[in-house]
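Following: one structure in structure tokens, then a few remarks.
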Amino acid sequence: MLAGLVFLPLVAFLVAGLGNRAIGNLAAKSVTTGAVFVSAALSWWLFLRLMSGAVSAEDQLLFEWFRSGDMAVSWALKFDMLTAVMLVVVTSVSALVHLYSWGYMEEDSDQPRFFAYLSLFTFAMLMLVTADNLVQMFFGWEGVGLASYLLIGFWYRKPSAYRAAIKAFLVNRVGDFGYMLGIFGLFLVFGTIGIDEILARVGAFEGATFRFLAWDVDVITTLALLLFVGAMGKSAQLPLHTWLPDAMEGPTPVSALIHAATMVTAGVFLVCRMSPLFEASATALAVVTVVGAATALFAATVAPTQFDIKRVIAYSTCSQLGYMFFAAGVGAYGAAMFHLFTHAFFKALLFLGAGSVIHAMHHEQDMRFYGGLRRHIPLTFWTMMIGTIAITGVWYTAGYFSKDAILFSAWNAGTPVARLAFWVGIGVALLTSFYSWRLMFLTFFGAPRWAGSGHIAHAAGHAGHDVFADHGSAQDHAEDQGGRGALADPTAGHRPHESPWVMLVPLLLLSAGALVAGFLFEHQFVGGVEAFWGGAIVHDAAFFARLHEVPGWVHWAPAGVMLAGLGLAFLLYVRRTGLPAKIVAAAPALHGFLARKWYFDELYDALFVRPAMRLGALFSRADKGAIDAVGADGLSEVVAGGATLAKRFQTGYLTSYALVMLVGLAAFLAWFTLGG
């Protein structure tokens with residue numbers, strides 16, 4: 001059964017990918033969506049049965065993959081509670097994204113290819129989370145990298161899309177290099193790449209050193225940090241984060257699938273899977289904590305300056321991943337996985353909700369051209385409202401339980417680094433509330449600002465000014481304008497339309513998860529239930545039993561900053577809408593620094609991109625001026641010159657040929673006579 005749910009998406013990919021237009025849109029969509037829904041149903045069934053004790057954790061050996069010297073790599077499927085949680089997350093979000101894409105990609109001319117890529121990504125992610133050895137995990141790791149490249153650059157005729165795909169691929173290669181070094185080092189030290197075998201022998205190497213880059217370094221710390229470099233790339237942590245916001249160039253369902261719940265959580269999964277290794281090194285845990293907290297703060301400061309609705313949510317993803325990492329860094333692996341689990345629901349909900357808004361606004365993504373949409377797309381509004389209250393941690397929603405578990409764990413850990421992470425987490429919670437409500441107010445409240453949208457004006461020009469499917473009366477439009485009358489623009493008298501039900505059903509299902517997932521599973525993930533994880537991760541039941549034994553102000557601090565962020569966003573974007581511009585004018589340097597994403601892209605461009613381009617240009621000139629001139633081009637010129645010279649002797653006249661023969665014969669006789 002486990003093998004079936006893992007390989008079903010692969011079969012669907014082959015059918016849709018090879019069949020393509022031969023089988024048509026409907027068949028490709030049906031095969032891929034049906035296969036992933038079956039995998040999702042099987043994942044939930046196995047998860048619930050494992051949780052109830054009806055089935056037990058086990059590894060299923062399929063076959064030996066390859067053998068090279070002392071390294072024997074099998075192809076086996078690992079099934080424990082950590083795997084079961086990831087199976088539920090991956091297949092559930094993927095299934096709903098497949099269904100949602102029926103509506104969102106309806107007008108695309110290349111649907112079979114899109115759905116084939118979705119299924120390929122799902123299969124690669126399933127291989128990653130079920131791997132029982134690091135080489136097999138690396139297969140899935142690179143598989144999701146390939147699939148993300150294909151999906152981000154799906155609209156490959158769009159320059160920004162294929163550039164974003166290349167950027168994601170290259171930045172992840174930097175992290176993957178560290179991951180590969182980690183695999184090599186683990187095999188060198190432990191003599192195996194089997195995960196269980198490595199983790200069982202970690203204690204034997206605590207305090208040991210080996211030679212690495214001309215230094216004697218701690219074995220466990222070095223190996224853990226090398227693996228973490230791979231996790232940083234895949235999960236977009238500083239300084240390997242720059243690919244994530246640009247990856248929004250792909251279709252919105254891709255953003256929900258890759259960047260909300262699956263690929264970007266692979267790094268968190270890796271750290272939790274290897275938690276005994278990280279627990280053996282206080283230095284490695286401190287690095288994970290600091291990097292996670294720094295990333296959370298960085299992304300949370302950038303998000304409030306962005307106007308692209310998908311980029312705001314992308315930076316939110318980057319920030320929430322930082323929460324997960326610093327939870328793992330303080331030893332609260334259960335809390336990290338709990339937030340990963342709940343985050344899958346509300347972040348996929350926010351991305352798909354943003355896609356519904358974009359669909360209604362003719363692919364306009366700039367929130368400055370939204371406003372007043374709550375009356376026109378009410379279901380999208382209410383589902384995004386649920387996603388917003390979940391991510392900001394409103395009481396008893398999914399984010400309330402998982403985020404508080406991380407913050408309380410950081411406080412209870414008590415170390416200086418953990419306390420620093422706690423304070424950063426509180427500040428990030430304030431910023432998260434602010435930019436999340438800013439998104440809601442700019443999008444759904446206030447007077448419509450559609451007149452300035454080039455996308456809508458362009459659509460109006462092609463549709464005879466009938467931009468939107470639903471026609472509003474003059475009275476409706478006057479109400480939209482706050483009583484100021486209709487604007488003189490092509491969209492006057494029209495209003496956006498709600499998305500089709502095939503897109504709304506996934507939003508409603510994700511809304512339910514965003515509301516109740518935290519309440520239903522808090523006791524299992526971060527409660528005193530040692531048996532739930534069953535040794536899949538390092539889980540201190542006594543530590544989590546004291547989770548809520550924190551000072552009263554610590555307990556109420558997350559709620560306080562959540563309300564403060566809401567109040568500030570309401571003041572700036574509902575009550576006194578002119579204030580944001582005044583604040584920007586008062587601090588242009590700070591705003592520019594944040595809006596330009598701390599100048600990371602400019603820094604990398606100066607340090608790596610431009611020097612690489614100059615070096616490439618230098619080698620190109622050397623190649624053309626020396627190698628080609630002496631080699632291929634030089635030889636071809638010699639041959640061409642010789643042919644030109646020989647061509648002069650080919651006159652076509654018999655007398656000329658006879659003369660040449662006589663001269664040659666005379667020269668030969670002279671040489672023979674004189675030589676003799």
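As a basis for the values below, the full set of heavy atoms in this structure was taken, side chains included, without hydrogen atoms, waters or symmetry mates. This chain uses plain numbering: 1 for the first residue, then up along the sequence.
- Although no hydrogens or angles enter the test, the distance criterion places a donor-acceptor pair under 3.5 Å between the side chain of S148 and the main chain of G145.
- Contact record, L126 with L5: CD1-O, 3.5 Å, taken as the closest heavy-atom pair.
- The aromatic ring centroids of F114 and F154 lie less than 6.0 Å from each other.
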- Task: Decide side-chain contact (heavy atoms from CB on, under 4.5 Å) for M105 and D110; before the verdict, give the C-alpha distance in whole Å, the side-chain angles of both, and the deciding distance to 0.1 Å.
- Result: CA-CA 9 Å; M105 302 295 290; D110 210 356; over 6 Å; no
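- Without hydrogens or angle criteria, S94 side chain to T91 main chain gives no donor-acceptor distance under 3.5 Å.
- Separation of the W155 and Y162 ring centroids does not fall under the 6.0 Å cut-off.
- Ring-plane geometry between Y104 and H359 is classed as tilted, the angle between the planes lying from 30 to 60 degrees on a 0 to 90 degree scale.
- For the pair V93 and F345, the minimum side-chain heavy-atom distance is 4.5 Å or more.
- Between W75 and F139, the ring-plane angle classifies as perpendicular under the 30° and 60° cut-offs.
- Taking the six-membered ring for Trp, F228 and F325 have ring centres closer than 6.0 Å.
- Rounded to the nearest 0.5 Å, atoms CE (M137) and CG (L128) are 6.0 Å apart.
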Residues 21-30, side-chain donor-acceptor partners within the protein, below 3.5 Å, at least two apart:
{"residue": "R21", "atom": "NH2", "partner": "S109", "partner atom": "O", "Å": "3.4"}
{"residue": "K29", "atom": "NZ", "partner": "Q111", "partner atom": "OE1", "Å": "3.2"}
{"residue": "S30", "atom": "OG", "partner": "L26", "partner atom": "O", "Å": "2.7"}

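- For E522, the salt bridge (Lys or Arg N to Asp or Glu O under 4.0 Å) test picks out no residue, with sequence neighbours left out.
- A salt bridge links D601 with K167; the closest basic N to acidic carboxylate O contact falls under 4.0 Å.
- To the nearest 0.5 Å, the span separating CD1 on I389 from CE on M440 amounts to 9.5 Å.
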- Message: With side chain to side chain donor-acceptor pair (under 3.5 Å) as the criterion, how do S436 and T388 come out once you've worked through the C-alpha distance, each side chain's angles and the decisive distance to 0.1 Å?
- Response: CA-CA 6 Å; S436 297; T388 300; 5.9 Å; no
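- Under the rule for a side-chain hydrogen bond (donor to acceptor under 3.5 Å, both in side chains), R163 has no partner lying at least two apart in sequence or in another chain.
- Contact detail for M263 and V144: the closest heavy-atom pair is SD-O, 4.0 Å.
- Of the options V171, I166, L170, a side chain to side chain contact (heavy atoms under 4.5 Å, CB included) to W243 is made by V171 and by none of the others.
- Under the 6.0 Å distance and 45° angle rule, R173 counts as a cation-pi partner of F169.
- When side chains are defined from C-beta on, V254 does not count as touching V97, because their heavy atoms never get closer than 4.5 Å.
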- Item | Chi angles and distances behind the side chain to side chain donor-acceptor pair (under 3.5 Å) call for Y604, T242 | CA-CA 9 Å; Y604 289 173; T242 55; over 6 Å; no
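- With ring centers used as reference points, F298 lies under 6.0 Å from F600.
- Using a 4.5 Å heavy-atom threshold, the side chains of S74 and W65 count as separate.
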- Query: Run the side-chain contact (heavy atoms from CB on, under 4.5 Å) check on F47 and L50 step by step: do they pass?
  - Reply: CA-CA 5 Å; F47 170 66; L50 181 61; 5.9 Å; no
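- Within the model, atoms OG1 of T192 and CZ of F187 stand 7.5 Å from one another, a figure rounded to the nearest 0.5 Å.
- Between V88 and F341, some side-chain heavy-atom pair lies under the 4.5 Å cut-off.
- Note that the CG atom of L181 and the CG atom of L225 stand 12.5 Å from one another [nearest 0.5 Å].
- Across L352 and A256, no two heavy atoms sit closer than the pair CD2-CB, 3.5 Å.
- Distance check: Y156 OH to L150 CG gives 12.0 Å after rounding to the nearest 0.5 Å.
- W44 CH2: more than 12 foreign heavy atoms inside a 6.0 Å radius.
- The distance between the ring centers of F521 and F338 does not fall below 6.0 angstrom.
- Between Y333 and M324 there is no side-chain heavy-atom pair separated by less than 4.5 Å.
- Between the side chain of E364 and the backbone N or O of D366 there is at least one donor-acceptor pair closer than 3.5 Å.
- A tilted orientation is assigned to the rings of Y323 and F326, their planes being inclined by 30° to 60°.
- Each of D59, D196, V73 was scored for a side chain to side chain contact (heavy atoms under 4.5 Å, CB included) with N133, with one residue passing: V73.
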Tabulate below the donor-acceptor pairs under 3.5 Å that side-chain atoms of residues 499-513 make, not counting sequence neighbours, or state none.
{"residue": "S499", "atom": "OG", "partner": "S356", "partner atom": "OG", "Å": "2.5"}
{"residue": "S511", "atom": "OG", "partner": "L507", "partner atom": "O", "Å": "2.7"}

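- Shortest non-hydrogen contact noted between T295 and A236 is CG2-O, 3.8 Å.
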- Task: Test M384 against L349 for side-chain contact (heavy atoms from CB on, under 4.5 Å), laying out the working first.
- Result: CA-CA 7 Å; M384 287 200 71; L349 173 60; over 6 Å; no
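- Remark: E249 pairs with K158, S160 by the side-chain hydrogen bond (donor to acceptor under 3.5 Å, both in side chains) rule, at least two apart or across chains.
- Taking every heavy atom of both residues into account, A348 and A344 meet most closely at CB-O, 3.1 Å.
- Residues M232 and P239 meet the side-chain proximity criterion, which asks for heavy atoms closer than 4.5 Å.
- Side-chain contact between S319 and Y435: present, with at least one pair of heavy atoms (C-beta onward) separated by less than 4.5 Å.
- Centroid-to-centroid, the aromatic rings of F123 and F13 stay 6.0 Å apart or farther.
- For the residue pair H98/T122, the side-chain donor-acceptor check at 3.5 Å is not satisfied.
- Sparse packing is recorded around OH of Y149, with 12 or fewer heavy atoms of other residues, nucleotides or ligands lying under 6.0 Å away.
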- Pair K234-Y179, side-chain contact (heavy atoms from CB on, under 4.5 Å): steps then yes or no: CA-CA 10 Å; K234 199 65 73 180; Y179 183 31; over 6 Å; no
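- Separating the CG atom in L515 from the OG1 atom in T397 is a distance of 7.5 Å, to the nearest 0.5 Å.
- Two residues are said to be in side-chain contact when any heavy atoms from C-beta on lie closer than 4.5 Å; V271 and L227 fail this criterion.
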Mind listing the side-chain donor-acceptor pairs of residues 80-87 below 3.5 Å, one per line with the distance, residues two or more places apart or on another chain?
{"residue": "D80", "atom": "OD1", "partner": "L82", "partner atom": "N", "Å": "3.3"}
{"residue": "D80", "atom": "OD1", "partner": "T83", "partner atom": "N", "Å": "3.0"}
{"residue": "D80", "atom": "OD1", "partner": "T83", "partner atom": "OG1", "Å": "3.1"}
{"residue": "D80", "atom": "OD1", "partner": "R273", "partner atom": "NH2", "Å": "3.3"}
{"residue": "D80", "atom": "OD2", "partner": "R273", "partner atom": "NH1", "Å": "2.7"}
{"residue": "T83", "atom": "OG1", "partner": "K78", "partner atom": "O", "Å": "3.2"}
{"residue": "T83", "atom": "OG1", "partner": "V129", "partner atom": "O", "Å": "3.2"}
{"residue": "T83", "atom": "OG1", "partner": "R273", "partner atom": "NH2", "Å": "2.8"}

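- Closest approach of V268 and A336 over heavy atoms only: CG1-CB, 4.5 Å.
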